[in-house]
Amino acid sequence: MIYDKFAGSYDKALAPFEKRFLSKWREETLAYLPENSNILEIGAGTGLNFRFYPKCNHAAAAEISHKMLMIAGEKPENENLSLVQTDAETLPFAANCFDAAFATLVFCSLANPEQAFAELKRVVKKNGKIILLEHVRPEGLFGYFFDFLSIFTVRLIEDHFNRETAKIAEKSGLRILEVKKKAFGIVNLIVCENAEKTPANLHI
């Protein structure tokens with residue numbers, strides 16, 4: 001498991017980015033989640049989102065890396081939060097058991113994002129929100145650079161720098177409500193709903 005290797009240094013490596021912009025983006029992302037509900041986080045990592053969780057009936061933080069989950073367990077937790085070791089493509093939850101779900105900087109590293117979206121559609125209730133904060137392939141000529149960069153990042157850290165996550169979500173059957181572009185389009189905040197048909201006036 002490649003992320004077990006990074007677990008010990010992950011928080012320290014991200015610290016400068018968290019201070020400058022990532023923490024603010026995480027807070028903005030989780031603000032879309034409903035309060036007093038059941039929520040699911042995919043790819044919880046070392047628990048950097050925990051402090052931004054809304055008040056909820058229950059939250060499940062899913063993460064495939066055992067070592068990252070151990071570090072997450074050392075962070076202050078809400079008593080209603082459960083840590084679950086699992087991959088995003090085979091979630092061990094019953095259908096329709098969550099009111100909303102979210103992921104931050106996760107879908108770039110999944111081997112099968114389509115299957116992960118299928119699982120989210122299964123476990124999130126109809127019309128429930130699915131919120132994503134992801135680095136993606138930017139538009140224009142810059143996108144070709146990310147195509148080239150992805151050749152190396154996939155081999156080295158299993159990270160796809162040229163994923164078009166909003167398009168994959170839409171093709172997987174989610175309704176895209178909003179896409180906020182950040183950092184010149186390199187990062188997208190994607191607001192989805194577990195319902196068919198994307199509004200005709202939305203351009204991804």
Side-chain angles (χ1 to χ4, degrees), residues 25-45 47-65 68-69 72-73 75 77-134 136 163-180 187-204:
W25 291 352
R26 293 180 191 277
E27 184 176 15
E28 181 183 359
T29 300
L30 273 66
Y32 282 90
L33 297 170
E35 291 190 349
N36 303 315
S37 61
N38 298 322
I39 62 173
L40 168 66
E41 178 176 8
I42 296 293
L48 291 172
N49 288 318
F50 288 173
R51 60 190 173 126
F52 301 121
Y53 274 36
K55 294 180 181 178
C56 54
N57 295 330
H58 182 259
E63 169 57 45
I64 191 172
S65 168
M68 281 198 163
L69 209 57
K75 289 184 168 64
E77 295 180 15
N78 186 298
E79 62 181 5
N80 296 323
L81 173 62
S82 300
L83 305 182
V84 183
Q85 185 178 9
T86 184
D87 64 87
E89 292 96 335
T90 53
L91 297 174
F93 306 112
N96 306 311
C97 63
F98 293 103
D99 299 294
F102 74 98
T104 61
L105 308 178
V106 172
F107 273 79
C108 53
S109 61
L110 298 181
N112 191 338
E114 292 84 0
Q115 179 58 31
F117 279 126
E119 280 291 86
L120 285 173
K121 283 174 60 66
R122 181 182 67 83
V123 301
V124 174
K125 296 176 182 178
K126 184 177 180 182
N127 298 323
K129 295 291 192 301
I130 297 171
I131 317 299
L132 310 171
L133 179 69
E134 299 291 339
V136 299
R163 280 260 164 91
E164 297 180 292
T165 305
K167 290 183 179 179
I168 298 173
E170 181 187 18
K171 289 179 181 178
S172 299
L174 294 175
R175 177 184 294 166
I176 310 299
L177 301 180
E178 184 178 8
V179 177
K180 287 187 175 181
V187 175
N188 282 179
L189 198 172
I190 308 164
V191 182
C192 310
E193 188 175 56
N194 192 11
E196 304 293 339
K197 190 178 180 181
T198 301
N201 62 346
L202 181 67
H203 300 285
I204 299 172

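Numbering starts at 1 and runs along the sequence shown. None of these values were measured; they are calculated from a predicted model.
Across all their heavy atoms, K121 and N194 have their closest contact at O-ND2, 3.0 Å. Scanning all heavy atoms of the two residues, the minimum distance from C192 to I176 falls at SG-CD1, 3.7 Å. Taking each heavy atom of G47 and A72 in turn, the nearest pair found is N-CB, 3.7 Å. Nearest heavy-atom pair, V124 versus A101, reported as atom, atom and distance to 0.1 Å: CG2-CB, 3.7 Å. Pairing each heavy atom of S37 with each of C56, the nearest pair is O-CB, 3.1 Å. Scanning both residues, V179 and A166, for their nearest heavy atoms gives CG2-CB, 4.3 Å.
Annotation: salt bridge (charged side-chain N to carboxylate O under 4.0 Å, His left out) contacts involving residues 90-117, sequence neighbours excluded, comprise D99-K125. Within the structure, no pair that satisfies the salt bridge (charged side-chain N to carboxylate O under 4.0 Å, His left out) test touches residues 85-97, not counting sequence neighbours. Residue pairs satisfying the salt bridge (charged side-chain N to carboxylate O under 4.0 Å, His left out) criterion with at least one member in residues 28-41, sequence neighbours excluded, are listed as follows: E28-K180, E28-K182.
Salt bridge absent: E170 and K167 never bring a charged side-chain N and a carboxylate O closer than 4.0 Å.
F93 pairs by the ring-ring contact (aromatic ring centres under 6.0 Å, His included) definition with F98, not counting sequence neighbours. Residues passing the side-chain contact (heavy atoms from CB on, under 4.5 Å) test with V106 are I42, A103, L110, E134, sequence neighbours excluded. Applying the side-chain contact (heavy atoms from CB on, under 4.5 Å) criterion to R51, with sequence neighbours excluded, gives S23. Every residue two or more places apart in sequence or in another chain that forms a side-chain contact (heavy atoms from CB on, under 4.5 Å) with A62 is listed here: L40, T86. A search for side-chain hydrogen bond (donor to acceptor under 3.5 Å, both in side chains) contacts involving T104 returns R26, N49, not counting sequence neighbours.
Taking CG from L177 and CD1 from I131, the interatomic distance works out to 7.5 Å, rounded to the nearest 0.5 Å. To the nearest 0.5 Å, atom CD1 of residue I168 and atom CZ of residue F117 are 6.5 Å apart. Interatomic distance, K55 NZ to I39 CD1, rounded to the nearest 0.5 Å: 13.5 Å. Interatomic distance, CG of N80 versus NE2 of H58, reported as 7.0 Å (0.5 Å rounding). Rounded to the nearest 0.5 Å, atoms CD1 (I64) and CD (Q85) are 7.5 Å apart. The line from CG of L81 to CZ of F50 is 5.0 Å long, rounded to the nearest 0.5 Å.
Looking at N57, its side chain does come within 3.5 Å of a backbone N or O of N36 through a donor-acceptor pair. Without hydrogens or angle criteria, R163 side chain to P113 main chain gives no donor-acceptor distance under 3.5 Å.
By the 30° and 60° cut-offs, the orientation of the rings of F102 relative to Y53 is perpendicular.
The shortest distance between side-chain heavy atoms of T165 and L132 falls below 4.5 Å. In this structure, the side chains of L33 and K129 stay at 4.5 Å or more apart for every pair of heavy atoms. Considering only heavy atoms from C-beta on, L48 comes within 4.5 Å of K75 through its side chain.
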